[in-house]
Amino acid sequence: MMSKLVAGAFVLLVALGVKFLGYSDGQAGKGFINSAFAQTAPLVSPVKARPRDSYFPNSEDLQPDEMRVIACGTGMPTARPSQAAACFLVELGNGDKFLFDLGTGSAERIAALQIPYNFLDKIFLGHLHTDHFGDLASIYVGGALAGRQKPLRVWGPSGDTAKRGTAYAMDHLQKMLTWDLDGRRGIMDERGLSIQTTEFDYKGENQVVYQENGVTIRSWPAIHSLDGPVSFGLEWNGLKFVFGSDTYPNKWFVEYAKDADLSIHECFVAVPSLIEKFKFTPQTALAVGTQIHTSPEAFGKVMSLTQPRMAVAYHFFKDFDTTAAINDRIRSTYDGPLSLAEDFMVWNVTKDDIRVRMAVVSEEVWPPPASEKPMPPDPSRRIPYSKQILDGKLDVKDVIQPIYDEINAEYGLEEKPE
Ligand SMILES: [Zn+2]
Ligand SMILES: [Zn+2]
C-alpha cells in the first residue's frame with residue numbers, strides 16, 4: 001500500500017518536473033509562465049511589497065463607507081484551541097464598534113485584534129447561554145484593566161421571568177465578582193468597573209433597541225431553548241448586518257433579515273457528526289441538531305428565503321472531515337454566496353464588494369494604548385488587609401526600594417513603598 005503511494009507520488013513529481021522543464025525550455029509564448037520568463041523586467045518587484053490577501057490587525061484604515069466584520073468565535077459551548085464560542089465584531093467607518101455575543105474563549109480573539117478597549121464598550125447579547133456570553137467577565141474586568149475608561153454597555157433581552165432576563169444576569173455577574181472588584185479598588189483607574197445594562201422586550205418584532213450616530217440596531221424574537229433569545233439587525237450607511245445568535249428557523253428572521261449585506265445565522269453540527277464525534281445519543285443528536293438549533297439543510301433554506309449578499313454559517317466544529325458534509329448539506333437547499341465561518345474570518349463590506357479573508361494574528365499581543373489619558377488610582381479607596389494577614393508579610397523592602405528609586409528617577413515621582 002505504502003510503496004504504491006510512494007511510487008504514485010514519484011510518477012506525479014516526474015510528470016510535474018517534465019512539465020516545468022518544458023515551460024522553461026524554450027517553448028516561449030505558450031501561457032503565462034512562458035511570457036513571464038520572456039520579460040526582461042520581472043512582473044513583481046524583488047524589494048517592494050505586494051498587496052496582501054490576509055488581514056493583519058492594526059494595519060488597514062477602515063474607509064468611511066466600509067463595514068468590517070471579524071469572527072471572534074464560531075464554535076461550540078466547549079471552546080477549543082481553534083474555535084472560541086460565538087462572537088462577532090462589527091466595525092464601522094464612522095468609528096463605532098459593536099460586539100455581538102461574547103462566547104467562551106472569544107476575549108482572546110478580541111485581544112488579538114489590537115483594538116483599544118475604550119472602543120469595545122458596546123455588547124449585544126442574543127441570549128444568555130454561556131457559549132454566547134461566557135467571556136463577558138473577561139472583557140468587563142480585563143478590558144477595564146487594559147484601558148477601557150468607561151462603563152461596559154450591555155444590551156440584551158428580557159426573559160419570561162425577571163430572573164431569566166439580561167439585567168438579572170448582569171446584576172448577578174457583578175455580585176459574583178465582588179471579591180475581584182473590591183480587590184481592585186484604589187489600585188487602578190476604576191472608571192471601567194461598572195456595567196450599564198439595557199434590557200429590552202424579547203417579544204419585540206423588529207423593535208429599535210439602539211439608535212446613535214447614524215446606527216440603528218433592531219431585535220426580533222428567536223426560537224431557542226426557552227423564551228428569551230433574539231436576533232439582531234444593524235443598519236448603517238445603507239448597509240445591513242444581521243446576527244441570528246441561536247435560533248430554530250423562524251418567520252421573523254425570514255421577514256426582517258431579508259436583503260442583508262452580511263447575514264450570520266447558526267448552522268449546527270450535522271446530526272451524524274453529533275452522534276459519531278460528539279458522542280450524543282441519536283435521540284439527543286436529533287433533538288439538539290434539528291429542534292433546538294438550525295441544521296445545515298435548514299440554514300440553507302433560511303438563506304434561500306432571505307437572499308443575503310453573503311450568507312455566513314457558524315456554530316459547528318469546522319474540521320477537515322466535517323466541512324465537506326456541512327457544505328453539501330447547505331448546498332442541498334441554497335446556492336448563493338456562502339462563508340463557512342471560522343475564527344478570525346474577516347469580511348470587508350461596501351456597497352460594491354464583499355471581501356472575505358482570514359486575519360493573521362500575533363499571539364504575543366500586549367494591550368493597545370488607551371484612547372484617553374488614564375486617571376491615577378485613589379489609594380484612600382483601598383480595602384486594608386486584616387492585621388493577621390498584614391503581619392505575614394516578609395520584609396523585602398531592601399529589594400523593593402530600588403524599584404521605586406528606578407521608577408521615581410525615570411518619571412520624576414516621589415512614590416514610597418507601603
Ligand atoms: Zn444557545
Ligand atoms: Zn450557541
Side-chain angles (χ1 to χ4, degrees), residues 71-80 82-89 99-110 123-139 154-161 163-166 168-170 173 199 202-203 219-232 242-250 252-253 257 263-271 273-274 277-278 280 284-296 298-299 302 311-319 322 326 330 339-343 345:
C72 297
T74 58
M76 297 283 284
T78 28
R80 59 180 194 162
S82 68
Q83 281 178 291
C87 179
F88 289 86
L89 170 73
L99 284 159
F100 285 88
D101 284 353
L102 204 62
T104 314
S106 60
E108 277 182 39
R109 273 53 170 157
I110 293 165
I123 297 173
F124 286 75
L125 302 178
H127 67 296
L128 297 168
H129 270 151
T130 51
D131 58 319
H132 296 258
F133 88 121
D135 262 13
L136 207 123
S138 308
I139 289 292
V154 177
W155 285 258
S158 60
D160 58 341
T161 67
K163 282 191 175 183
R164 296 197 186 116
T166 304
Y168 180 90
M170 293 306 110
L173 177 81
E199 183 177 290
Y202 74 94
K203 287 183 172 170
S219 82
W220 55 83
I223 304 174
H224 175 64
S225 254
L226 295 169
D227 266 38
V230 298
S231 299
F232 293 109
V242 168
F243 176 62
S245 198
D246 280 356
T247 187
Y248 186 82
N250 71 72
W252 300 289
F253 196 92
S263 182
I264 302 175
H265 191 289
E266 68 146 299
C267 169
F268 213 68
V269 178
V271 169
S273 297
L274 284 175
K277 300 191 64 128
F278 235 94
F280 280 10
T284 304
L286 283 167
V288 174
T290 71
Q291 303 300 315
I292 303 293
H293 289 282
T294 294
S295 65
F299 168 90
V302 169
V312 179
Y314 86 102
H315 219 313
F316 56 91
F317 277 166
K318 189 180 176 188
D319 293 345
T322 56
I326 294 274
I330 293 173
S339 300
L340 299 179
E342 57 188 87
D343 289 20
M345 194 172 274

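Each residue takes its place number in the sequence, starting with 1. For ligands, and for the atoms within them, numbers begin at 1 and follow the listed sequence.
For His315, the N, O or S atom closest to the Zn ion (ligand 2) goes by the atom name NE2.
Taking the charged nitrogens against the carboxylate oxygens, Asp319 and Arg80 do have a contact shorter than 4.0 Å, which makes a salt bridge.
You'll find the side chain of Thr74 stays beyond 4.5 Å of the side chain of His315, heavy atoms only. Counting heavy atoms from C-beta outward, His293 and Asp246 have side chains that approach closer than 4.5 Å. The closest side-chain heavy-atom distance from Phe299 to Phe316 is not below 4.5 Å.
With sequence neighbours excluded, the residues satisfying side chain to side chain contact (heavy atoms under 4.5 Å, CB included) with Ala222 are Pro229, Ser231, Thr247.
Only protein N, O or S atoms were scored, and 4 of them lie under 2.8 Å from the Zn ion (ligand 1).
Side-chain contact, Ser245 with Asp101: a donor N or O sits under 3.5 Å from an acceptor N or O.
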